[in-house]
Novice: 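This is the structure, below, for whatever I ask next.
In what follows, chains carry the letters A, B, and so on, assigned in the order in which the sequence lines appear, proteins first and then strands, with residues in each chain numbered from 1.
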Protein chains: 2
Amino acid sequence: MDIKPLYMLEKSLQSRGHRMTKVRTSILGQFLSAKIPLSASDIQMKLSQDGFSTNKTTIYRELSAIRNAGIIKKIMFGDRNERYELAEDDHHHHLVCVSCKKIENIPLMKLEKRLDDEEFLISKKNHFKVMHHSLEFFGYCHTCQKL
Amino acid sequence: MDIKPLYMLEKSLQSRGHRMTKVRTSILGQFLSAKIPLSASDIQMKLSQDGFSTNKTTIYRELSAIRNAGIIKKIMFGDRNERYELAEDDHHHHLVCVSCKKIENIPLMKLEKRLDDEEFLISKKNHFKVMHHSLEFFGYCHTCQKL
DNA sequence: ATAATAATGCAACTTAGTTGCATTTGTCAA
DNA sequence: TTGACAAATGCAACTAAGTTGCATTATTAT
């Protein structure tokens with residue numbers, strides 16, 4: 001699935017009654033260029049590097065608005081920190097380094113097909129309607145293996 | 001993999017210099033009889049039903065001791081609550097109801113083999129040493145589908 | 001029975017995220 | 001271009017889950 005350009009995302013936010021502020025545009029830009037999931041504090045730091053010092057309340061409210069518009073989704077990786085990534089991105093899974101906490105995206109096309117089959121079986125056998133799944137691999141990244 | 005009986009778990013804790021208190025024994029018993037992962041507050045509630053009112057600090061310290069002994073492991077399911085389950089239990093995955101938050105265990109033997117293969121490929125292609133993975137399915141349980 | 005040390009409770013603290021409210025700012029209509 | 005209105009923002013205070021320091025209590029080896 002392709003990622004929509006910035007102006008499409010802005011249009012979808014404006015159609016929900018949202019205004020385009022420089023903070024909001026900057027956050028959208030961060031998600032479009034980010035290759036990995038971002039936390040609220042990641043975003044706050046990047047904004048501050050760009051010259052805006054933004055209150056954390058604003059960050060959380062932005063994330064909530066952008067998420068309600070379906071542009072990003074919330075994901076969590078075994079710690080107490082919420083992270084967000086583009087919802088429309090290709091479906092993929094994550095490698096989470098238990099040492100440096102770095103996250104890599106990893107597409108698993110063939111496995112994905114198996115997981116879809118599995119979801120069908122689960123709905124029949126367990127009477128459980130699966131909406132989505134999460135698959136993460138925890139371990140040591142290339143760098144941390146050498147430490 | 002079979003679950004060790006209570007006296008084996010107690011022995012392994014005692015060998016680490018721990019004493020057997022009624023709170024500790026009761027927590028071990030809860031994990032042995034629980035079919036699903038337990039949170040700190042689940043355990044505190046069950047203890048209080050058993051007539052012990054135990055401070056939350058104690059609960060967290062017990063969980064930490066029992067975890068350090070390798071008896072339980074910590075797992076998280078997309079919210080900010082830590083949960084614990086027996087480490088020695090058969091490997092399985094979870095169905096998490098996004099409505100009532102109920103958790104079901106689900107063994108996926110065939111898929112497990114595929115995941116092991118995948119971990120081998122990841123270690124070669126991504127130079128990432130996988131220690132463990134987590135796979136959860138989110139959706140609506142039998143009861144919540146009818147609401 | 002006693003000494004050593006593990007277990008416990010309590011209050012205070014941390015972290016990530018949330019809420020209420022007053023103020024500022026973007027946008028649309030005139 | 002200018003107002004007016006609603007959206008966006010900042011701040012302080014709050015919540016929830018978990019952690020820490022310290023004084024007290026209880027278990028266990030001797």
Side-chain angles (χ1 to χ4, degrees), chain A residues 7 9-29 37-48 50-69 71-84 101 103, chain B residues 7 9-29 37-48 50-69 71-84 101 103:
Chain A
Y7 77 91
L9 302 182
E10 293 183 339
K11 224 176 84 175
S12 117
L13 282 165
Q14 281 169 333
S15 76
R16 299 172 69 89
H18 288 297
R19 298 163 180 175
M20 288 316 303
T21 62
K22 49 189 186 317
V23 167
R24 181 162 292 154
T25 304
S26 163
I27 292 178
L28 288 177
L38 302 173
S39 68
S41 75
D42 290 339
I43 287 167
Q44 195 174 26
M45 281 190 296
K46 293 206 179 187
L47 279 178
S48 119
D50 288 3
F52 320 117
S53 80
T54 310
N55 192 277
K56 67 171 178 169
T57 307
T58 300
I59 306 286
Y60 284 113
R61 283 197 279 230
E62 281 308 314
L63 288 169
S64 165
I66 297 172
R67 188 157 80 101
N68 286 338
I71 294 171
I72 58 174
K73 62 184 175 193
K74 191 194 286 191
I75 45 181
M76 298 193 77
F77 299 125
D79 59 10
R80 298 169 44 72
N81 297 344
E82 299 175 352
R83 290 172 182 273
Y84 300 85
K101 315 296 176 195
I103 290 154
Chain B
Y7 76 90
L9 302 182
E10 292 182 340
K11 224 175 82 176
S12 118
L13 282 165
Q14 281 168 332
S15 74
R16 300 172 67 90
H18 288 298
R19 298 163 180 175
M20 287 318 301
T21 61
K22 49 189 184 321
V23 166
R24 181 162 293 156
T25 304
S26 162
I27 292 178
L28 288 177
L38 301 173
S39 66
S41 76
D42 289 340
I43 288 167
Q44 193 173 30
M45 281 190 297
K46 293 206 178 185
L47 280 178
S48 118
D50 287 3
F52 320 117
S53 80
T54 311
N55 191 278
K56 67 172 178 169
T57 307
T58 300
I59 306 287
Y60 284 111
R61 284 197 279 232
E62 281 309 314
L63 288 170
S64 166
I66 297 172
R67 189 157 80 102
N68 288 338
I71 295 171
I72 57 173
K73 62 184 174 192
K74 190 194 285 192
I75 44 180
M76 298 193 78
F77 299 125
D79 59 11
R80 300 169 40 76
N81 297 344
E82 298 175 353
R83 289 171 183 274
Y84 301 83
K101 315 297 175 194
I103 289 154

Novice: Which nucleotide wins on minimum distance to the side chain of A:T58, given the candidates C:dA7, C:dG17, D:dT9?
Specialist: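 Nearest to the side-chain atoms of A:T58, counting from C-beta on, is D:dT9.
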
Novice: Mind checking A:S39 for me? I need base, sugar-phosphate or nothing, with any heavy atom below 4.0 Å counting as a touch.
Specialist: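 Since no nucleic acid heavy atom lies under 4.0 Å of A:S39, the category is nothing.
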
Novice: Between D:dA8 atom P and A:E62 atom CD, what is the distance in whole Å?
Specialist: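 After rounding, the reported distance stands at 7 Å.
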
Novice: Picking from D:dA7, D:dT9, C:dA16, which would you name as closest to the side chain of A:N81?
Specialist: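 In terms of side-chain proximity for A:N81, the closest of D:dA7, D:dT9, C:dA16 is C:dA16.
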
Novice: So for A:R19 and D:dA8, does any side-chain atom that can act as donor or acceptor lie under 3.5 Å from a complementary atom in the base?
Specialist: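 Answer no: no donor N or O sits under 3.5 Å from an acceptor.
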
Novice: Using whole Å, report how far CG of B:L13 lies from C1' of C:dT5.
Specialist: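 To the nearest whole Å, that distance equals 17 Å.
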
Novice: Look only at the side chain of B:Q44 and the backbone of B:T54, and say whether a donor-acceptor pair between them is shorter than 3.5 Å.
Specialist: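 Such a contact is found between B:Q44 side chain and B:T54 backbone.
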
Novice: With respect to the side chain of A:Y60, which nucleotide from C:dA7, C:dG17, D:dA17 is positioned closest?
Specialist: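 The closest nucleotide is C:dG17.
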
Novice: List the atom of B:I66, the atom of B:L13, and the distance in Å for their closest heavy-atom pair.
Specialist: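 Minimum heavy-atom separation between B:I66 and B:L13: CA-CD2, 4.3 Å.
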
Novice: Give a yes or no on whether the backbone of B:L47 and the side-chain of B:D50 come within a donor-acceptor separation of less than 3.5 Å.
Specialist: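 No; judged by distance alone, with no hydrogens or angles, the pair does not exist.
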
Novice: Please work out if A:S53 contacts a base, only the sugar-phosphate, or nothing of the nucleic acid, heavy-atom cut-off 4.0 Å.
Specialist: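 Counting heavy atoms under 4.0 Å across all strands, the contact made by A:S53 is with sugar-phosphate only.
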
Novice: Judged by each residue's nearest nucleotide on DNA chain D, which is more toward the 5′ side, B:M76 or B:Q14?
Specialist: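 Per heavy-atom nearest nucleotide, the more 5' residue is B:M76.
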
Novice: Round to the nearest Å and state the distance from A:R80 atom CZ to C:dT15 atom P.
Specialist: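 Those two atoms, CZ and P, are 12 Å apart.
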
Novice: OP1 or OP2 of C:dA7 versus the side-chain N and O atoms of B:R24: is any pair under 4.0 Å?
Specialist: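 Answer is yes, contact under 4.0 Å.
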
Novice: Answer yes or no: side-chain N or O of B:T57 and base N or O of D:dT20 forming a donor-acceptor pair under 3.5 Å.
Specialist: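 Per atom types, the contact qualifies.
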
Novice: Closest-nucleotide mapping onto DNA chain D: is B:K56 or B:T21 further toward the 5' terminus? I mean the 5' end.
Specialist: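 Closer to the 5' end of DNA chain D: B:K56.
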
Novice: Nearest-Å distance, CD (B:Q44) to P (C:dC10)?
Specialist: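 So the CD-P distance, B:Q44 to C:dC10, works out to 11 Å.
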
Novice: Please classify the nucleic acid contact of A:S41 as base, sugar-phosphate, or nothing, using heavy-atom distances under 4.0 Å.
Specialist: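 The residue A:S41 makes no contact with any strand.
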
Novice: Show your reasoning for whether side chain to side chain contact (heavy atoms under 4.5 Å, CB included) applies to A:D79 and A:K101.
Specialist: CA-CA 10 Å; A:D79 59 10; A:K101 315 296 176 195; 5.5 Å; no

Novice: Have a look at B:R61 and say if it touches a base, only the backbone sugar-phosphate, or nothing, with a 4.0 Å heavy-atom cut-off.
Specialist: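 Contact class for B:R61: base.
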
Novice: Measure CG/A:L63 against P/C:dA16 and give the value in whole Å, please.
Specialist: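 To the nearest whole Å, that distance equals 15 Å.
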
Novice: Spell out, as yes or no, whether a donor-acceptor pair under 3.5 Å connects the side chain of B:R24 to the backbone of B:E62.
Specialist: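 No; judged by distance alone, with no hydrogens or angles, the pair does not exist.
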
Novice: From CG of A:N55 over to P of C:dG20, roughly how many Å is that when rounded to an integer?
Specialist: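 Answer to the nearest Å: 16 Å.
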
Novice: Return the value, rounded to whole Å, for the distance between atom CD1 of B:I59 and atom P of D:dT19.
Specialist: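 Atom-to-atom, B:I59 to D:dT19, this comes out as 13 Å.
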
Novice: Expressed in angstrom and rounded to an integer, what is the separation of A:E82 atom CD from C:dT15 atom C1'?
Specialist: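 Taking atom C1' of C:dT15 as the reference, CD of A:E82 is at 12 Å.
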
